[in-house]
Number of protein chains: 2
Amino acid sequence: MGNTACFTKYLADRGLKSTRQRELISATFMAINDHTSAEELYLRVAKEEPDVGLATVYRTLKLLCSAGLAREHRFGNSSSRYEPLSIKQHHDHLICTKCGYVEEFEHPKIEKLQDEIAASLGFEVMTHKLELYGLCRKCQP
Amino acid sequence: MGNTACFTKYLADRGLKSTRQRELISATFMAINDHTSAEELYLRVAKEEPDVGLATVYRTLKLLCSAGLAREHRFGNSSSRYEPLSIKQHHDHLICTKCGYVEEFEHPKIEKLQDEIAASLGFEVMTHKLELYGLCRKCQP
DNA sequence: TGGTATTTTGATAATGGTTATCATTACCAA
DNA sequence: TTGGTAATGATAACCATTATCAAAATACCA
Ligand SMILES: [Zn+2]
Ligand SMILES: [Zn+2]
Ligand SMILES: [Zn+2]
Ligand SMILES: [Zn+2]
């Protein structure tokens with residue numbers, strides 16, 4: 001099932017309505033292959049449909065997160081950024097503190113160790129965030 | 001060198017002044033063995049010295065972070081919490097999404113793997129954050 | 001021990017991302 | 001269609017944090 005269908009089903013399953021705005025915001029978001037802010041998404045959507053409100057973009061992003069189709073990040077002390085999750089598998093982030101460049105990675109052994117640690121402490125882990133902050137190749141002295 | 005002396009030295013080293021407020025805020029903060037908000041710290045300090053301003057608490061927390069004596073966290077979407085770092089070694093966090101309980105852990109193998117991954121991607125890591133979100137023993141169904 | 005340049009402070013206004021409000025509009029099952 | 005409910009857009013409100021600025025405190029030197 002594709003991203004759009006998945007979102008539509010999520011809405012239908014809990015009696016929420018499928019609207020023009022939600023479809024457009026969702027589709028625009030899914031097409032962005034990056035970590036996007038609500039404002040940026042709003043501007044992109046506005047090009048297509050100038051009457052869409054910023055509040056609806058925020059509301060839809062929240063829905064997409066609940067549906068497991070988006071993930072929210074707050075790197076450092078910056079404001080929220082969102083990324084599509086439908087196709088990409090889980091991954092973590094390396095953030096350059098100088099130029100802001102974000103690189104993604106995934107390491108099965110780290111994932112496994114996390115689960116083991118949590119289990120040993122009696123926790124049942126649902127999600128996690130691993131963020132490495134430093135200097136990318138270009139920004140190193 | 002103790003925490004207080006360490007902070008005093010940090011200030012002296014860069015021509016900053018050692019004030020009654022900074023000493024009190026720093027000492028009160030160091031005595032808290034928990035993850036504290038600026039507001040909470042402000043209230044504790046105010047009991048001792050009612051004339052200290054909230055802005056100064058924020059400013060001093062920022063200094064303590066720069067000095068490597070405190071660490072700032074934003075678990076989930078909540079506001080900033082700070083923890084003393086002087087004595088405790090580096091550690092990561094398990095957060096219960098239901099009751100808010102925070103447990104600390106440290107795992108050398110994960111730390112090592114992080115460095116290896118970063119190195120393989122050309123990054124030089126300065127700090128990192130690993131947060132595991134889930135349900136603690138008490139909150140599991 | 002003053003004197004003085006500089007930093008720090010406290011009160012408060014401003015900021016800015018996000019959320020709440022509410023009248024109007026859109027959706028959809030019957 | 002229609003009626004009941006949910007969603008929307010504009011904007012006000014929120015609230016943690018930061019900026020501002022006049023007054024006070026500090027460090028250093030004569
Ligand atoms: Zn960089
Ligand atoms: Zn990502
Ligand atoms: Zn719990
Ligand atoms: Zn901790």
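Proteins come first, then strands; the chains are lettered A, B, ... in the order of their sequence lines, and each starts at number 1.
When rounded to the nearest whole Å, the span between CG of Leu54(B) and C1' of dT9(C) equals 13 Å. What separates CG of Leu24(A) from P of dG9(D) is a distance of 10 Å, to the nearest Å. Between Leu63(A) atom CG and dA7(D) atom C1' the separation is 10 Å, expressed in whole Å. Per the geometry, CZ belonging to Arg81(B) stands 13 Å off C1' belonging to dA16(D), to the nearest Å. Counting to the nearest Å, the P atom of dT8(D) and the CD atom of Glu23(A) are 10 Å from each other. Distance, Glu72(A) CD to dT18(C) P: 7 Å, rounded to whole Å. Summarising the geometry, the separation between OH on Tyr42(A) and P on dG16(C) is reported as 17 Å, rounded to the nearest angstrom. When rounded to the nearest whole Å, the span between CG of Leu11(A) and C1' of dA7(D) equals 11 Å.
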Donor-acceptor pairs under 3.5 angstrom involving side-chain atoms of residues 21-31 of chain A: please list them, not counting sequence neighbours.
| residue | atom | partner | partner atom | Å |
| --- | --- | --- | --- | --- |
| Arg22(A) | NH1 | Lys17(A) | O | 2.8 |
| Glu23(A) | OE2 | Ser18(A) | OG | 2.5 |
| Thr28(A) | OG1 | Leu24(A) | O | 2.7 |

Return all side-chain donor-acceptor pairs below 3.5 angstrom for residues 47-54 of chain B, not counting sequence neighbours, or 'none' if the list is empty.
| residue | atom | partner | partner atom | Å |
| --- | --- | --- | --- | --- |
| Glu49(B) | OE2 | Arg20(B) | NH1 | 3.1 |

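Take the nearest nucleotide of DNA chain D for Val52(A) and for Ala38(B): the residue whose nucleotide is more 5' is Val52(A).
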Can you build the contact string for nucleotides 21-30 of chain C? Use B for base contact, S for sugar-phosphate-only contact, and - for no protein heavy atom under 4.0 Å. B-----BS--
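Side-chain contact of His90(A) with Glu111(A): a donor-acceptor pair under 3.5 Å is present, judged by distance alone.
Taken over five-pair windows at either terminus, the axes of the helix from dT1(C)-dA30(D) to dA30(C)-dT1(D) are inclined to one another by 30° (rounded to 10 degrees).
Ion pairing between a basic and an acidic side chain is recognised when a charged N comes within 4.0 Å of a carboxylate O; Arg71(A) and Glu83(A) show such pairing.
By the salt bridge (Lys or Arg N to Asp or Glu O under 4.0 Å) test, Arg81(A) is found to be paired with Glu40(A), residues two or more places apart in sequence or in another chain being considered. With sequence neighbours excluded, the residues forming a ring pair (Phe, Tyr, Trp, His ring centres under 6.0 Å) with His93(A) are His35(A), His73(A), Phe75(A), His91(A), listed by chain and number. Contacts of Arg59(B) classified as side chain to side chain donor-acceptor pair (under 3.5 Å), with partners at least two apart in sequence or in another chain: Thr56(B). Scored by the side chain to side chain contact (heavy atoms under 4.5 Å, CB included) test, Thr127(A) finds Tyr133(B) as partners (sequence neighbours excluded). For Glu124(B), there are no side chain to side chain donor-acceptor pair (under 3.5 Å) partners, not counting sequence neighbours.
Contact check, Lys62(A) against dT19(C): a side-chain N or O comes under 4.0 Å of OP1 or OP2. The shortest distance between the side-chain N/O atoms of Tyr58(B) and the OP1/OP2 oxygens of dT18(D) is not below 4.0 Å. OP1 or OP2 of dT18(C) has at least one side-chain nitrogen or oxygen of Ser80(A) nearer than 4.0 Å.
Among dT17(D), dG17(C), dT8(C), the nucleotide with an atom closest to any side-chain atom of Arg22(B) is dT8(C).
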